[in-house]
Amino acid sequence: MTAEITAKPKITDREDIAKRLLRGSAKASYDPLIEIDWDAPVDPDMWGIRPERVSLYGTHLWDQLTEAQRKELSRLEVASIATIGIWFETILMQMLVRHAYHNDPTTQHVQYAYTEIADECRHTVMFAKMVEKLGWHTHRLDPVAFHLGRLFKTIAHGPLIFAGALFVEEVLDQIQREAIPDEQILPLVRAVARIHVVEEARHMRYAREEFARDWQNRGPIDKAYSKVVLGLITYYSATRLINPKVYEQVGLDPKEAYKVAKKNPHWIETKTWAARKVVATLNTGEAITGLGKYFWKKAGLLG
């Protein structure tokens with residue numbers, strides 16, 4: 001990765017990578033409406049995520065919950081995380097359309113951007129159907145996060161588009177990869193994870209390459225600005241993963257539970273673990289420094 005940051009890549013490299021990604025998409029893309037059994041019942045005795053990944057795990061509030069409530073909370077938290085995935089993938093689709101608008105549609109690079117948009121359309125529908133099956137209702141984000149998302153999709157340029165995408169996709173990818181082989185987790189959640197992991201692997205390769213290619217050509221002022229904006233986006237994404245209303249649905253005081261989860265070392269460790277790969281990638285380009293780094297730390301992403 002260091003070589004990609006320090007050595008200016010050739011345009012042919014960009015096209016070769018896009019060509020390989022397009023071939024991969026042709027060989028392994030899925031329609032979740034067909035691939036997943038949406039009529040299968042949700043087993044209340046199964047987890048939505050590993051118990052140690054639940055935001056309240058190891059706290060006194062966790063001890064107060066029955067086993068059934070803990071499992072319900074795990075399913076609701078997966079659904080809450082999926083709603084954040086929908087939020088950001090909707091933002092990403094708009095940014096990719098804008099990215100394609102400014103480039104040559106006859107290139108493999110832009111054609112892969114359109115292919116990724118198609119993938120993300122299917123993913124948002126898949127996540128939305130899973131959210132409904134898990135017994136969760138989507139709630140509009142708080143005004144600050146909602147309007148920050150609107151602003152970000154409007155002003156983000158190349159490295160911000162792909163660094164932001166890489167952050168959200170890597171975090172979801174780590175959680176889902178862990179869930180796939182775990183037989184205590186609902187088949188529905190594992191089926192969604194399998195599809196998402198396969199297709200997002202290509203998206204992440206695309207994002208890493210584009211970030212590295214664009215970042216090296218940015219000046220110090222542009223980079224300083226980008227670090228702050230990226231820090232804000234990661235902060236608001238990471239701190240909104242779990243909607244406090246999930247706690248209320250299992251009988252807890254949502255304000256108290258939110259405060260307990262925020263300070264829970266197990267939950268902080270989970271977020272740090274899930275973000276570790278994207279942190280390593282962005283650190284290679286020194287994209288997490290200064291004020292931007294403060295927001296990464298504040299969100300519990302750097303340990």
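Everything numeric here is computed off the predicted structure, so don't read it as measured data.
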Next on the checklist: Using every non-hydrogen atom in the two residues, find where A257 and L61 come nearest and quote the distance to one decimal.
Outcome noted: CA-CD1, 3.6 Å
Checklist entry - Which distance, rounded to the nearest 0.5 Å, do you find between the CD of E248 and the NZ of K255? => result 10.5 Å
Checklist entry - Atom CD in E209, atom CZ in R14: separation rounded to 0.5 Å? => result 10.5 Å
Checklist entry - Does R218 use its side chain to pair, donor to acceptor, with the backbone of W215 at less than 3.5 Å? => result no
Item to check | Gap between atom CE of M126 and atom CD of E35 - 0.5 Å precision | outcome: 11.0 Å
Checklist entry - Hey, are H157 and D214 close enough side-chain-wise for a donor-acceptor pair under 3.5 Å? => result no
Checklist entry - Does the E199 side chain pair with the main chain of H196, one donor and one acceptor, at a distance under 3.5 Å? => result no
Checklist entry - At their closest point, which heavy atom of L65 faces which heavy atom of V250, and how far apart are they? => result CD2-O, 4.1 Å
Checklist entry - Looking at G300 and T272, what are the two nearest heavy atoms and their distance? => result O-OG1, 3.0 Å
Checklist entry - When the ring centroid of W87 is compared with that of Y236, is the distance short of 6.0 Å? => result no
Next on the checklist: Tell me whether E286 at atom CD has more than 12 heavy atoms from other residues, nucleotides or ligands lying less than 6.0 Å away.
Outcome noted: no
Checklist outcome for this item: Between A207 and F162, the two heavy atoms sitting closest are O-CB, 3.6 Å
Next on the checklist: Quick one: does any side-chain atom of S74 pair with a main-chain N or O of K71 as donor and acceptor, under 3.5 Å?
Outcome noted: yes
Next on the checklist: For a quick test of reading the model, state the closest non-hydrogen atom pair linking R98 to A156 and the distance between them.
Outcome noted: NH2-O, 2.9 Å
Next on the checklist: Taking the six-membered ring for Trp, are H99 and H109 closer than 6.0 Å centroid to centroid?
Outcome noted: yes
Next on the checklist: Can you see whether R20 engages S25 through a side-chain donor-acceptor pair at a distance of less than 3.5 angstrom?
Outcome noted: no
Checklist entry - Who passes ring pair (Phe, Tyr, Trp, His ring centres under 6.0 Å) against Y57, sequence neighbours left out? => result W62, H266
Checklist entry - Please walk me through it: do S80 and L241 pass side-chain contact (heavy atoms from CB on, under 4.5 Å)? => result CA-CA 6 Å; S80 178; L241 286 172; over 6 Å; no
Next on the checklist: Between N243 and T83, is the side-chain contact (heavy atoms from CB on, under 4.5 Å) condition met? List the steps.
Outcome noted: CA-CA 9 Å; N243 188 309; T83 63; over 6 Å; no
Next on the checklist: Please check this pair: side chain of K227 against backbone of L291, looking for a donor-acceptor N/O pair closer than 3.5 Å.
Outcome noted: no
Checklist entry - Any side-chain heavy-atom pair from V246 and W136 closer than 4.5 angstrom? => result yes
Checklist entry - Taking the six-membered ring of W38, is NZ or CZ of K129 closer than 6.0 Å to its centre and within 45° of its axis? => result yes
Checklist entry - Would you call L22 and Q108 a side-chain contact if the rule is heavy atoms closer than 4.5 Å? => result yes
Checklist entry - Is the Y112 to Y206 ring centre distance short of 6.0 Å? => result yes
Checklist entry - Just by distance, do the side chain of H139 and the backbone of H137 share a donor-acceptor pair under 3.5 Å? => result yes
Item to check | Separation of Y247 OH from S55 OG (nearest 0.5 Å) | outcome: 3.0 Å
Item to check | Of all pairs that satisfy salt bridge (Lys or Arg N to Asp or Glu O under 4.0 Å), the ones with a partner from residues 166-192, not counting sequence neighbours | outcome: R50-E178, R50-D182, R53-E178, E170-R208, D173-R177
Checklist entry - Roughly how far, to the nearest 0.5 Å, is CD1 of I195 from CD1 of I36? => result 4.0 Å
Next on the checklist: Can you classify the ring geometry of F88 versus F152 as parallel (below 30°), tilted (30 to 60°) or perpendicular (above 60°)?
Outcome noted: tilted
Next on the checklist: Please determine whether residues I86 and V189 belong to a single hydrophobic cluster, defined as Ile, Leu, Val, Met, Phe, Trp and Tyr linked transitively by side-chain heavy-atom distances below 4.5 Å.
Outcome noted: yes
Item to check | Residues in ring pair (Phe, Tyr, Trp, His ring centres under 6.0 Å) contact with W47, at least two apart in sequence or another chain | outcome: none
Checklist entry - Quick check: does any side chain N or O of Q111 sit under 3.5 Å from a backbone N or O of P105, one acting as donor and the other as acceptor? => result yes
Next on the checklist: Distance check, rounded to the nearest 0.5 Å: E120 atom CD versus Q94 atom CD?
Outcome noted: 12.5 Å
Item to check | Ion pair E256/K259, N-O distance below 4.0 Å | outcome: no
Item to check | Shortest non-hydrogen contact between V78 and G48, atoms and distance | outcome: CG2-O, 2.9 Å
